[in-house]
Amino acid sequence: MVVPESEDVQLPPSGSVGRGTSQQYGSNLPSSQHSGSPQHVSSNGNILPVNTILHCEPQDYTETDFLLPNQLYGSSRFSGSMRAKDAGGSGAPAESVCSMVLQILVPFLLAGLGTVSAGVLLEVVENWDVFQEVPEIFILVTAILGMKGNLEMTLASRLSTAVNAGKMEHAREKWMLIVGNLALKQLQATVLGLLASLMATVLGWMAEGKMPLHHVMLLVSTSVSTAFVASLLQGIIMVGVIIGAKRMGFNPDNVATPMAASFGDLITLALLAFFSHWFYSVIDLYPHVLYLVVLLLLCLIPLWVVISTKHPASCILLRTGWEPIITAMFISSIGGLILDKTVSDPNLAGIIVYAPVINGIGGNLVSIQSSRISTELHLNYSPGEVPEDRKGCFTPCRTFFGSGANHRSAQILLLLVIPGQLVFLLTIYLMKGGNTLPSPLLTVSFLSASLIQVFSLLCLADCMVHCLWRRGKDPDSYSIPYLTALGDLLGTALLSLAFFMLWYVGDLGSV
(Lines give C-alpha, C1' and ligand atoms only; values in the text may rest on other atoms or scores of the structure.)
Protein backbone atom coordinates (compact mmCIF):
# COMPACT_ATOMS: atom_id res chain seq x y z
CA MET A 1 0.00 0.00 0.00
CA VAL A 2 2.64 2.46 -1.00
CA VAL A 3 1.34 5.99 -1.12
CA PRO A 4 3.10 7.92 -3.87
CA GLU A 5 3.63 11.60 -3.82
CA SER A 6 0.70 13.55 -5.13
CA GLU A 7 -0.46 17.09 -5.45
CA ASP A 8 -1.54 18.87 -2.32
CA VAL A 9 -5.16 18.43 -1.47
CA GLN A 10 -6.91 21.76 -1.17
CA LEU A 11 -9.10 21.78 1.91
CA PRO A 12 -11.99 24.17 2.33
CA PRO A 13 -11.76 26.64 5.19
CA SER A 14 -14.69 24.99 6.92
CA GLY A 15 -13.07 21.54 6.90
CA SER A 16 -11.38 19.98 9.86
CA VAL A 17 -7.84 18.74 9.77
CA GLY A 18 -6.79 16.16 12.33
CA ARG A 19 -3.57 16.47 14.20
CA GLY A 20 -2.32 13.51 12.21
CA THR A 21 -2.30 15.46 8.95
CA SER A 22 1.01 15.52 7.13
CA GLN A 23 2.23 18.82 5.79
CA GLN A 24 2.03 17.50 2.25
CA TYR A 25 -1.75 17.27 2.46
CA GLY A 26 -2.34 20.92 3.23
CA SER A 27 -1.25 23.67 5.56
CA ASN A 28 -2.21 23.86 9.21
CA LEU A 29 -5.37 25.81 9.92
CA PRO A 30 -5.95 28.08 12.89
CA SER A 31 -7.88 26.57 15.74
CA SER A 32 -10.86 28.80 15.00
CA GLN A 33 -11.26 27.13 11.62
CA HIS A 34 -11.54 23.63 13.00
CA SER A 35 -15.27 23.02 12.88
CA GLY A 36 -15.04 19.22 12.67
CA SER A 37 -13.98 16.80 15.35
CA PRO A 38 -10.25 16.20 15.27
CA GLN A 39 -9.11 13.81 17.93
CA HIS A 40 -6.38 13.27 20.49
CA VAL A 41 -5.10 10.32 22.44
CA SER A 42 -5.87 10.22 26.14
CA SER A 43 -3.55 8.80 28.76
CA ASN A 44 -5.16 5.38 28.46
CA GLY A 45 -4.63 5.19 24.71
CA ASN A 46 -8.17 6.12 23.67
CA ILE A 47 -8.71 8.66 20.91
CA LEU A 48 -10.71 11.60 22.23
CA PRO A 49 -11.94 14.92 20.79
CA VAL A 50 -9.24 17.55 20.87
CA ASN A 51 -11.55 20.55 20.78
CA THR A 52 -11.06 21.25 24.48
CA ILE A 53 -7.28 21.10 24.32
CA LEU A 54 -6.55 22.51 20.87
CA HIS A 55 -6.07 25.98 22.23
CA CYS A 56 -3.20 24.94 24.48
CA GLU A 57 -1.38 22.35 22.36
CA PRO A 58 0.61 22.87 19.14
CA GLN A 59 -0.74 21.18 16.06
CA ASP A 60 1.82 18.41 15.91
CA TYR A 61 0.56 15.05 14.83
CA THR A 62 1.03 11.75 16.59
CA GLU A 63 1.02 8.16 15.42
CA THR A 64 -2.32 7.44 17.04
CA ASP A 65 -4.14 10.49 15.66
CA PHE A 66 -5.60 10.88 12.17
CA LEU A 67 -2.97 10.06 9.57
CA LEU A 68 -4.89 11.83 6.82
CA PRO A 69 -7.27 14.76 6.74
CA ASN A 70 -10.86 13.90 7.57
CA GLN A 71 -11.89 14.65 3.99
CA LEU A 72 -9.69 11.82 2.74
CA TYR A 73 -11.07 9.15 5.04
CA GLY A 74 -13.41 6.93 3.08
CA SER A 75 -12.28 8.27 -0.29
CA SER A 76 -9.56 7.47 -2.78
CA ARG A 77 -6.70 9.91 -2.92
CA PHE A 78 -5.94 8.81 -6.43
CA SER A 79 -9.27 8.96 -8.17
CA GLY A 80 -11.04 11.44 -5.95
CA SER A 81 -14.12 9.24 -5.96
CA MET A 82 -15.79 7.87 -2.88
CA ARG A 83 -14.89 4.30 -2.00
CA ALA A 84 -17.52 1.77 -1.17
CA LYS A 85 -16.46 0.87 2.36
CA ASP A 86 -18.57 -2.21 2.56
CA ALA A 87 -16.84 -3.66 -0.47
CA GLY A 88 -13.64 -4.20 1.43
CA GLY A 89 -11.70 -1.87 -0.82
CA SER A 90 -8.80 0.30 0.05
CA GLY A 91 -7.84 3.80 -0.81
CA ALA A 92 -4.29 2.70 -1.57
CA PRO A 93 -3.07 1.56 -5.00
CA ALA A 94 -3.81 -2.05 -5.82
CA GLU A 95 -0.97 -4.56 -5.54
CA SER A 96 -0.68 -7.41 -7.97
CA VAL A 97 -0.50 -10.90 -6.51
CA CYS A 98 2.93 -11.41 -8.10
CA SER A 99 4.29 -8.18 -6.60
CA MET A 100 2.85 -9.05 -3.20
CA VAL A 101 4.34 -12.56 -3.23
CA LEU A 102 7.79 -11.34 -4.26
CA GLN A 103 7.86 -8.58 -1.65
CA ILE A 104 6.78 -11.00 1.09
CA LEU A 105 8.79 -14.04 -0.01
CA VAL A 106 12.33 -12.63 0.09
CA PRO A 107 12.11 -11.14 3.62
CA PHE A 108 10.24 -14.28 4.75
CA LEU A 109 13.07 -16.53 3.58
CA LEU A 110 15.71 -14.27 5.12
CA ALA A 111 13.79 -14.20 8.39
CA GLY A 112 13.47 -17.98 8.27
CA LEU A 113 17.20 -18.43 7.78
CA GLY A 114 17.78 -16.18 10.78
CA THR A 115 15.47 -18.21 13.01
CA VAL A 116 16.95 -21.50 11.76
CA SER A 117 20.44 -20.22 12.62
CA ALA A 118 19.16 -19.19 16.04
CA GLY A 119 17.74 -22.67 16.62
CA VAL A 120 21.00 -24.38 15.66
CA LEU A 121 22.95 -21.93 17.87
CA LEU A 122 20.60 -22.61 20.79
CA GLU A 123 21.20 -26.35 20.39
CA VAL A 124 24.95 -25.69 20.68
CA VAL A 125 24.91 -23.35 23.68
CA GLU A 126 22.39 -25.39 25.71
CA ASN A 127 25.34 -27.58 26.76
CA TRP A 128 27.38 -24.65 28.11
CA ASP A 129 27.99 -24.62 31.86
CA VAL A 130 25.92 -21.49 32.41
CA PHE A 131 22.84 -23.01 30.73
CA GLN A 132 23.27 -26.20 32.77
CA GLU A 133 23.84 -24.42 36.09
CA VAL A 134 21.19 -21.71 35.58
CA PRO A 135 18.38 -23.42 33.61
CA GLU A 136 16.14 -20.36 34.11
CA ILE A 137 18.02 -18.82 31.19
CA PHE A 138 15.79 -20.93 28.92
CA ILE A 139 12.84 -18.89 30.23
CA LEU A 140 14.77 -15.78 29.24
CA VAL A 141 15.36 -17.15 25.73
CA THR A 142 11.69 -17.05 24.75
CA ALA A 143 11.01 -13.77 26.54
CA ILE A 144 14.06 -11.97 25.09
CA LEU A 145 13.53 -13.34 21.59
CA GLY A 146 9.89 -12.30 21.88
CA MET A 147 10.98 -8.70 22.35
CA LYS A 148 11.47 -8.37 18.61
CA GLY A 149 7.69 -8.63 18.38
CA ASN A 150 7.25 -6.23 21.26
CA LEU A 151 9.72 -3.63 20.05
CA GLU A 152 11.32 -4.13 16.63
CA MET A 153 8.21 -5.29 14.78
CA THR A 154 6.06 -2.67 16.50
CA LEU A 155 8.53 0.03 15.49
CA ALA A 156 8.56 -1.35 11.94
CA SER A 157 4.76 -1.31 11.79
CA ARG A 158 4.52 2.25 13.12
CA LEU A 159 7.15 3.59 10.73
CA SER A 160 5.60 1.68 7.79
CA THR A 161 2.27 3.36 8.48
CA ALA A 162 4.04 6.71 8.78
CA VAL A 163 5.73 6.17 5.39
CA ASN A 164 2.47 5.17 3.68
CA ALA A 165 0.70 8.16 5.20
CA GLY A 166 3.37 10.57 3.93
CA LYS A 167 4.63 11.50 7.38
CA MET A 168 8.30 10.94 6.50
CA GLU A 169 8.48 13.17 3.44
CA HIS A 170 10.20 16.04 5.24
CA ALA A 171 13.71 15.46 6.58
CA ARG A 172 13.30 17.24 9.91
CA GLU A 173 10.05 15.52 10.79
CA LYS A 174 11.38 12.17 9.60
CA TRP A 175 14.43 12.26 11.84
CA MET A 176 12.50 13.60 14.81
CA LEU A 177 10.12 10.68 14.42
CA ILE A 178 12.97 8.17 14.05
CA VAL A 179 15.11 9.45 16.94
CA GLY A 180 12.11 9.73 19.25
CA ASN A 181 11.01 6.18 18.48
CA LEU A 182 14.53 4.77 18.86
CA ALA A 183 14.95 6.45 22.25
CA LEU A 184 11.58 5.13 23.34
CA LYS A 185 12.59 1.65 22.18
CA GLN A 186 15.81 1.76 24.22
CA LEU A 187 13.82 2.75 27.27
CA GLN A 188 11.31 -0.03 26.71
CA ALA A 189 14.08 -2.58 26.06
CA THR A 190 15.81 -1.73 29.34
CA VAL A 191 12.60 -1.97 31.36
CA LEU A 192 11.45 -5.15 29.61
CA GLY A 193 14.87 -6.74 30.09
CA LEU A 194 14.63 -6.09 33.82
CA LEU A 195 11.06 -7.37 34.04
CA ALA A 196 11.88 -10.47 31.99
CA SER A 197 14.70 -11.40 34.36
CA LEU A 198 12.45 -10.90 37.39
CA MET A 199 9.76 -12.99 35.72
CA ALA A 200 12.29 -15.76 34.99
CA THR A 201 13.41 -15.59 38.62
CA VAL A 202 9.87 -15.96 39.95
CA LEU A 203 8.97 -18.79 37.59
CA GLY A 204 12.25 -20.57 38.33
CA TRP A 205 11.69 -20.21 42.07
CA MET A 206 8.14 -21.53 41.74
CA ALA A 207 9.36 -24.53 39.76
CA GLU A 208 12.47 -25.38 41.79
CA GLY A 209 11.58 -24.01 45.20
CA LYS A 210 14.85 -22.08 45.46
CA MET A 211 16.80 -19.36 43.68
CA PRO A 212 20.34 -18.40 44.77
CA LEU A 213 21.10 -14.68 44.80
CA HIS A 214 24.03 -14.98 42.38
CA HIS A 215 21.71 -16.72 39.89
CA VAL A 216 19.26 -13.84 40.20
CA MET A 217 21.97 -11.29 39.53
CA LEU A 218 23.23 -13.31 36.57
CA LEU A 219 19.73 -13.37 35.08
CA VAL A 220 19.22 -9.63 35.62
CA SER A 221 22.55 -8.52 34.17
CA THR A 222 22.29 -10.90 31.20
CA SER A 223 18.72 -9.95 30.37
CA VAL A 224 19.17 -6.16 30.64
CA SER A 225 22.45 -6.15 28.69
CA THR A 226 21.12 -8.38 25.93
CA ALA A 227 17.88 -6.42 25.56
CA PHE A 228 19.70 -3.07 25.46
CA VAL A 229 22.39 -3.97 22.92
CA ALA A 230 20.11 -6.07 20.70
CA SER A 231 17.48 -3.32 20.63
CA LEU A 232 20.04 -0.70 19.66
CA LEU A 233 21.53 -2.75 16.82
CA GLN A 234 18.20 -3.94 15.43
CA GLY A 235 16.60 -0.50 15.70
CA ILE A 236 19.32 1.06 13.55
CA ILE A 237 19.01 -1.76 11.01
CA MET A 238 15.23 -1.41 10.99
CA VAL A 239 15.33 2.30 10.21
CA GLY A 240 17.70 1.61 7.31
CA VAL A 241 15.41 -1.10 5.94
CA ILE A 242 12.32 1.13 6.02
CA ILE A 243 14.06 4.11 4.42
CA GLY A 244 15.56 1.81 1.78
CA ALA A 245 12.19 0.19 1.05
CA LYS A 246 10.62 3.62 0.64
CA ARG A 247 13.30 4.75 -1.82
CA MET A 248 13.03 1.52 -3.83
CA GLY A 249 9.25 1.80 -4.09
CA PHE A 250 8.44 -1.30 -2.01
CA ASN A 251 5.54 -1.49 0.41
CA PRO A 252 7.17 -1.30 3.87
CA ASP A 253 4.27 -3.32 5.32
CA ASN A 254 5.40 -6.32 3.27
CA VAL A 255 9.11 -5.89 3.91
CA ALA A 256 9.79 -4.16 7.22
CA THR A 257 8.32 -6.48 9.86
CA PRO A 258 9.87 -9.74 8.56
CA MET A 259 13.18 -7.97 7.95
CA ALA A 260 13.02 -6.77 11.55
CA ALA A 261 13.17 -10.42 12.53
CA SER A 262 15.44 -11.66 9.73
CA PHE A 263 18.53 -11.76 11.90
CA GLY A 264 16.93 -10.49 15.09
CA ASP A 265 16.67 -13.94 16.64
CA LEU A 266 20.25 -14.80 15.75
CA ILE A 267 21.68 -11.50 16.99
CA THR A 268 19.66 -11.60 20.20
CA LEU A 269 20.46 -15.22 20.99
CA ALA A 270 24.17 -14.73 20.24
CA LEU A 271 24.25 -11.73 22.60
CA LEU A 272 22.34 -13.66 25.26
CA ALA A 273 24.80 -16.54 25.07
CA PHE A 274 27.81 -14.18 25.11
CA PHE A 275 26.65 -12.07 28.06
CA SER A 276 25.50 -15.05 30.12
CA HIS A 277 28.80 -16.87 29.55
CA TRP A 278 30.89 -13.79 30.33
CA PHE A 279 28.96 -12.86 33.47
CA TYR A 280 29.10 -16.49 34.61
CA SER A 281 32.89 -16.49 34.22
CA VAL A 282 33.38 -13.36 36.36
CA ILE A 283 30.61 -13.74 38.92
CA ASP A 284 32.83 -15.49 41.49
CA LEU A 285 35.88 -13.24 41.16
CA TYR A 286 34.30 -9.89 40.30
CA PRO A 287 30.62 -9.95 41.31
CA HIS A 288 30.52 -6.15 41.43
CA VAL A 289 30.86 -6.06 37.61
CA LEU A 290 27.31 -7.40 37.23
CA TYR A 291 25.92 -4.73 39.54
CA LEU A 292 27.80 -1.94 37.79
CA VAL A 293 26.60 -2.98 34.32
CA VAL A 294 22.96 -3.06 35.42
CA LEU A 295 23.30 0.24 37.28
CA LEU A 296 24.86 1.95 34.25
CA LEU A 297 22.09 0.85 31.89
CA LEU A 298 19.38 1.83 34.37
CA CYS A 299 20.96 5.27 34.80
CA LEU A 300 20.47 5.89 31.07
CA ILE A 301 16.69 5.70 31.47
CA PRO A 302 16.25 9.47 32.17
CA LEU A 303 18.19 10.26 28.99
CA TRP A 304 15.87 8.08 26.87
CA VAL A 305 12.83 9.68 28.52
CA VAL A 306 14.04 13.20 27.67
CA ILE A 307 14.81 12.31 24.03
CA SER A 308 11.55 10.42 23.47
CA THR A 309 9.49 13.39 24.69
CA LYS A 310 10.86 15.55 21.85
CA HIS A 311 8.37 14.10 19.35
CA PRO A 312 4.61 13.91 20.01
CA ALA A 313 4.29 10.34 18.70
CA SER A 314 6.90 8.86 21.03
CA CYS A 315 5.74 11.15 23.84
CA ILE A 316 2.23 9.71 23.64
CA LEU A 317 3.56 6.14 23.52
CA LEU A 318 5.78 6.91 26.50
CA ARG A 319 2.58 7.11 28.54
CA THR A 320 0.30 4.67 26.76
CA GLY A 321 2.53 2.07 25.10
CA TRP A 322 3.46 -0.08 28.11
CA GLU A 323 0.37 -2.24 28.48
CA PRO A 324 0.80 -4.39 25.34
CA ILE A 325 4.56 -4.93 25.58
CA ILE A 326 4.55 -5.83 29.28
CA THR A 327 1.57 -8.17 28.88
CA ALA A 328 3.22 -9.76 25.84
CA MET A 329 6.44 -10.27 27.81
CA PHE A 330 4.55 -12.20 30.50
CA ILE A 331 2.85 -14.34 27.84
CA SER A 332 6.21 -15.11 26.19
CA SER A 333 7.68 -15.99 29.60
CA ILE A 334 5.01 -18.65 30.05
CA GLY A 335 6.06 -20.08 26.70
CA GLY A 336 9.65 -20.00 27.95
CA LEU A 337 8.66 -21.97 31.05
CA ILE A 338 7.06 -24.62 28.82
CA LEU A 339 10.27 -24.78 26.78
CA ASP A 340 12.40 -25.03 29.94
CA LYS A 341 10.37 -27.95 31.26
CA THR A 342 10.34 -29.68 27.88
CA VAL A 343 14.10 -29.56 27.27
CA SER A 344 14.76 -30.75 30.82
CA ASP A 345 13.50 -34.17 29.68
CA PRO A 346 16.28 -35.87 27.64
CA ASN A 347 13.66 -37.61 25.51
CA LEU A 348 12.25 -34.26 24.38
CA ALA A 349 15.47 -32.21 24.19
CA GLY A 350 15.35 -32.23 20.38
CA ILE A 351 12.67 -29.53 20.53
CA ILE A 352 15.34 -26.91 21.22
CA VAL A 353 16.36 -26.47 17.58
CA TYR A 354 12.79 -26.26 16.24
CA ALA A 355 11.23 -23.91 18.82
CA PRO A 356 12.82 -20.66 17.52
CA VAL A 357 11.85 -21.64 13.97
CA ILE A 358 8.15 -22.22 14.55
CA ASN A 359 7.85 -19.20 16.84
CA GLY A 360 9.84 -16.90 14.57
CA ILE A 361 8.04 -17.84 11.38
CA GLY A 362 4.60 -17.59 12.96
CA GLY A 363 5.39 -14.16 14.37
CA ASN A 364 6.88 -12.94 11.08
CA LEU A 365 3.85 -13.93 9.01
CA VAL A 366 1.21 -12.57 11.36
CA SER A 367 3.11 -9.29 11.78
CA ILE A 368 2.90 -8.70 8.02
CA GLN A 369 -0.86 -9.17 8.04
CA SER A 370 -1.35 -7.04 11.13
CA SER A 371 0.72 -4.20 9.67
CA ARG A 372 -1.19 -4.33 6.38
CA ILE A 373 -4.62 -4.24 8.03
CA SER A 374 -3.52 -1.41 10.32
CA THR A 375 -2.29 0.67 7.39
CA GLU A 376 -5.55 0.14 5.50
CA LEU A 377 -7.56 1.32 8.51
CA HIS A 378 -5.32 4.37 9.01
CA LEU A 379 -5.66 5.37 5.38
CA ASN A 380 -9.35 4.74 4.86
CA TYR A 381 -11.27 4.93 8.12
CA SER A 382 -11.61 7.28 11.02
CA PRO A 383 -10.65 5.85 14.44
CA GLY A 384 -13.60 3.90 15.80
CA GLU A 385 -14.97 3.21 12.30
CA VAL A 386 -14.53 -0.21 10.69
CA PRO A 387 -15.64 -1.76 7.39
CA GLU A 388 -19.23 -2.98 7.20
CA ASP A 389 -18.20 -6.63 6.94
CA ARG A 390 -16.26 -6.35 10.21
CA LYS A 391 -19.15 -5.06 12.31
CA GLY A 392 -20.83 -8.44 12.78
CA CYS A 393 -19.68 -11.56 14.58
CA PHE A 394 -16.22 -12.74 13.64
CA THR A 395 -15.80 -15.87 11.53
CA PRO A 396 -12.48 -17.31 10.30
CA CYS A 397 -13.86 -17.56 6.76
CA ARG A 398 -13.92 -13.79 6.28
CA THR A 399 -10.19 -13.62 7.02
CA PHE A 400 -9.32 -15.69 3.95
CA PHE A 401 -12.26 -15.39 1.57
CA GLY A 402 -12.91 -12.13 -0.22
CA SER A 403 -11.64 -9.90 -3.00
CA GLY A 404 -9.70 -7.41 -0.91
CA ALA A 405 -5.91 -7.09 -0.87
CA ASN A 406 -5.74 -8.25 2.74
CA HIS A 407 -7.75 -11.36 1.91
CA ARG A 408 -5.18 -12.18 -0.77
CA SER A 409 -2.29 -11.52 1.59
CA ALA A 410 -3.83 -13.82 4.23
CA GLN A 411 -4.13 -16.58 1.63
CA ILE A 412 -0.55 -16.05 0.49
CA LEU A 413 0.82 -16.04 4.02
CA LEU A 414 -0.99 -19.27 4.90
CA LEU A 415 0.15 -20.95 1.69
CA LEU A 416 3.76 -20.02 2.45
CA VAL A 417 3.78 -22.06 5.67
CA ILE A 418 4.21 -25.59 4.29
CA PRO A 419 6.82 -24.91 1.55
CA GLY A 420 8.63 -22.42 3.77
CA GLN A 421 8.94 -24.77 6.72
CA LEU A 422 10.07 -27.61 4.42
CA VAL A 423 12.88 -25.36 3.20
CA PHE A 424 13.82 -24.53 6.78
CA LEU A 425 13.74 -28.20 7.84
CA LEU A 426 16.12 -28.94 4.98
CA THR A 427 18.31 -26.04 6.07
CA ILE A 428 18.46 -27.39 9.63
CA TYR A 429 19.45 -30.77 8.23
CA LEU A 430 22.27 -29.24 6.16
CA MET A 431 23.50 -26.94 8.93
CA LYS A 432 23.76 -29.91 11.29
CA GLY A 433 26.08 -31.70 8.89
CA GLY A 434 23.49 -33.78 7.05
CA ASN A 435 23.52 -36.47 9.74
CA THR A 436 20.08 -36.03 11.32
CA LEU A 437 17.39 -36.16 8.65
CA PRO A 438 13.98 -35.48 10.28
CA SER A 439 11.75 -38.54 10.33
CA PRO A 440 8.53 -38.45 8.27
CA LEU A 441 6.44 -38.37 11.44
CA LEU A 442 8.44 -35.48 12.87
CA THR A 443 8.10 -33.60 9.59
CA VAL A 444 4.33 -34.08 9.49
CA SER A 445 3.98 -33.12 13.15
CA PHE A 446 6.10 -29.99 12.75
CA LEU A 447 4.26 -28.86 9.63
CA SER A 448 0.88 -29.51 11.24
CA ALA A 449 1.82 -27.50 14.34
CA SER A 450 3.07 -24.63 12.12
CA LEU A 451 -0.08 -24.62 10.00
CA ILE A 452 -2.39 -24.60 13.02
CA GLN A 453 -0.35 -21.84 14.64
CA VAL A 454 -0.29 -19.52 11.60
CA PHE A 455 -3.96 -20.13 10.75
CA SER A 456 -4.94 -19.24 14.33
CA LEU A 457 -2.72 -16.17 14.39
CA LEU A 458 -4.04 -14.79 11.09
CA CYS A 459 -7.60 -15.13 12.35
CA LEU A 460 -6.64 -13.48 15.64
CA ALA A 461 -4.91 -10.65 13.77
CA ASP A 462 -8.01 -9.93 11.67
CA CYS A 463 -10.21 -9.84 14.76
CA MET A 464 -7.80 -8.05 17.10
CA VAL A 465 -6.70 -5.24 14.76
CA HIS A 466 -10.29 -4.30 13.90
CA CYS A 467 -11.37 -4.51 17.55
CA LEU A 468 -8.51 -2.24 18.63
CA TRP A 469 -9.37 0.28 15.90
CA ARG A 470 -13.03 0.19 16.91
CA ARG A 471 -11.98 1.03 20.47
CA GLY A 472 -9.89 3.96 19.26
CA LYS A 473 -6.49 2.35 19.91
CA ASP A 474 -3.65 2.29 17.40
CA PRO A 475 -3.15 -1.31 16.14
CA ASP A 476 0.45 -0.56 15.15
CA SER A 477 1.36 -0.19 18.83
CA TYR A 478 -0.99 -2.75 20.36
CA SER A 479 -1.57 -5.72 18.07
CA ILE A 480 1.88 -7.05 17.12
CA PRO A 481 3.17 -7.51 20.71
CA TYR A 482 0.08 -9.53 21.62
CA LEU A 483 0.13 -11.55 18.40
CA THR A 484 3.83 -12.45 18.48
CA ALA A 485 3.65 -13.36 22.18
CA LEU A 486 0.62 -15.55 21.57
CA GLY A 487 2.53 -17.04 18.64
CA ASP A 488 5.42 -17.91 20.97
CA LEU A 489 3.09 -19.51 23.50
CA LEU A 490 0.99 -21.35 20.92
CA GLY A 491 4.00 -22.50 18.88
CA THR A 492 5.92 -23.77 21.91
CA ALA A 493 2.85 -25.55 23.30
CA LEU A 494 2.00 -27.21 19.96
CA LEU A 495 5.60 -28.24 19.39
CA SER A 496 5.92 -29.66 22.91
CA LEU A 497 2.74 -31.65 22.34
CA ALA A 498 4.08 -32.91 19.01
CA PHE A 499 7.37 -34.05 20.57
CA PHE A 500 5.53 -35.72 23.44
CA MET A 501 3.43 -37.66 20.94
CA LEU A 502 6.57 -38.64 19.01
CA TRP A 503 8.17 -39.92 22.21
CA TYR A 504 4.97 -41.77 23.13
CA VAL A 505 4.93 -43.69 19.83
CA GLY A 506 8.66 -44.35 19.99
CA ASP A 507 9.78 -42.00 17.20
CA LEU A 508 13.17 -40.44 17.98
CA GLY A 509 12.54 -37.60 15.54
CA SER A 510 15.39 -38.37 13.12
CA VAL A 511 16.52 -41.12 10.77
Side-chain angles (χ1 to χ4, degrees), residues 45 118 136-158 184-207 216 219-232 234-235 257 260-261 264-265 267-269 271-272 275-276 294 297-298 301 304 317-340 355-356 359-360 362-364 366-367 370 457 460 464 468 473 476-493:
E136 291 78 17
I137 292 181
F138 285 109
I139 301 177
L140 277 184
V141 168
T142 304
I144 295 295
L145 292 184
M147 284 188 188
K148 76 175 186 298
N150 295 351
L151 303 179
E152 274 73 33
M153 289 184 177
T154 304
L155 172 68
S157 183
R158 286 202 303 264
L184 175 66
K185 196 162 76 72
Q186 289 305 112
L187 168 63
Q188 292 174 332
T190 305
V191 174
L192 285 185
L194 179 62
L195 292 178
S197 63
L198 297 179
M199 185 68 176
T201 299
V202 172
L203 292 177
W205 175 78
M206 292 174 61
V216 175
L219 289 174
V220 172
S221 56
T222 298
S223 181
V224 174
S225 301
T226 301
F228 181 89
V229 177
S231 177
L232 181 62
Q234 295 176 64
T257 48
D265 285 339
I267 292 174
T268 303
L269 187 57
L271 289 171
L272 178 66
F275 281 119
S276 62
V294 174
L297 296 180
L298 293 181
I301 287 180
W304 306 132
L317 291 173
L318 185 62
R319 301 193 307 269
T320 65
W322 294 99
E323 173 195 335
I325 61 175
I326 292 177
T327 305
M329 185 270 298
F330 281 113
I331 296 174
S332 294
S333 297
I334 297 174
L337 180 61
I338 295 175
L339 179 63
D340 179 33
N359 293 341
N364 296 343
V366 74
S367 66
S370 174
L457 290 176
L460 280 172
M464 183 181 294
L468 287 169
K473 294 182 180 294
D476 283 325
S477 299
Y478 280 81
S479 61
I480 290 182
Y482 287 127
L483 291 169
T484 54
L486 289 171
D488 290 342
L489 178 58
L490 184 60
T492 304

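Excluded from the calculations below are hydrogen atoms, water molecules and symmetry mates; all remaining heavy atoms, backbone and side chain alike, are included.
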* Asked: Only one of V229, L155, T268 clears side chain to side chain contact (heavy atoms under 4.5 Å, CB included) with Q234; which?
  ->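 Checked V229, L155, T268 against Q234; only one passes side chain to side chain contact (heavy atoms under 4.5 Å, CB included): T268.
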
With rounding to the nearest 0.5 Å, note down the distance linking [atom1] in [X] to [atom2] in [Y].
| X | Y | atom1 | atom2 | answer |
| --- | --- | --- | --- | --- |
| I326 | M199 | CD1 | CE | 12.0 Å |
| I325 | L195 | CD1 | CG | 9.0 Å |
| L483 | S367 | CG | OG | 9.0 Å |
| L486 | N359 | CG | CG | 11.5 Å |
| I144 | L271 | CD1 | CG | 10.5 Å |
| L198 | L203 | CG | CG | 11.0 Å |

If you compare all heavy atoms of [X] against all heavy atoms of [Y], which two are closest, and at what distance to 0.1 Å?
| X | Y | result |
| --- | --- | --- |
| S231 | L151 | OG-CD1, 4.5 Å |
| A118 | L269 | O-CD2, 2.9 Å |
| V366 | L457 | CG2-O, 3.3 Å |
| F138 | L339 | O-CD2, 4.4 Å |
| V224 | G193 | CG2-C, 3.9 Å |
| A189 | A227 | O-CB, 3.4 Å |

* Can you list the steps and then say if T222 with I137 is a side chain to side chain contact (heavy atoms under 4.5 Å, CB included)? -> CA-CA 9 Å; T222 298; I137 292 181; 5.7 Å; no

* For W205, does the CH2 atom have more than 12 heavy-atom neighbours from other residues, nucleotides or ligands under 6.0 Å away? ->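 Check fails, neighbour count at 12 or below.
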
* Can you check whether L187 reaches L318 side chain to side chain, under 4.5 Å on heavy atoms? ->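 When only atoms from C-beta onward are counted, L318 and L187 do touch, with a gap below 4.5 Å.
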
I'd like to know if the side chain of [X] and the backbone of [Y] have a donor-acceptor N/O pair within less than 3.5 Å.
| X | Y | value |
| --- | --- | --- |
| T492 | L489 | no |
| Q188 | W322 | no |
| Q186 | L232 | yes |
| S332 | M329 | no |

* **Intermediate values then yes/no, side chain to side chain contact (heavy atoms under 4.5 Å, CB included), I331 and D488** => CA-CA 8 Å; I331 296 174; D488 290 342; over 6 Å; no

* Of all pairs that satisfy side-chain hydrogen bond (donor to acceptor under 3.5 Å, both in side chains), the ones with a partner from residues 193-203, not counting sequence neighbours ->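 Qualifying pairs: none.
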
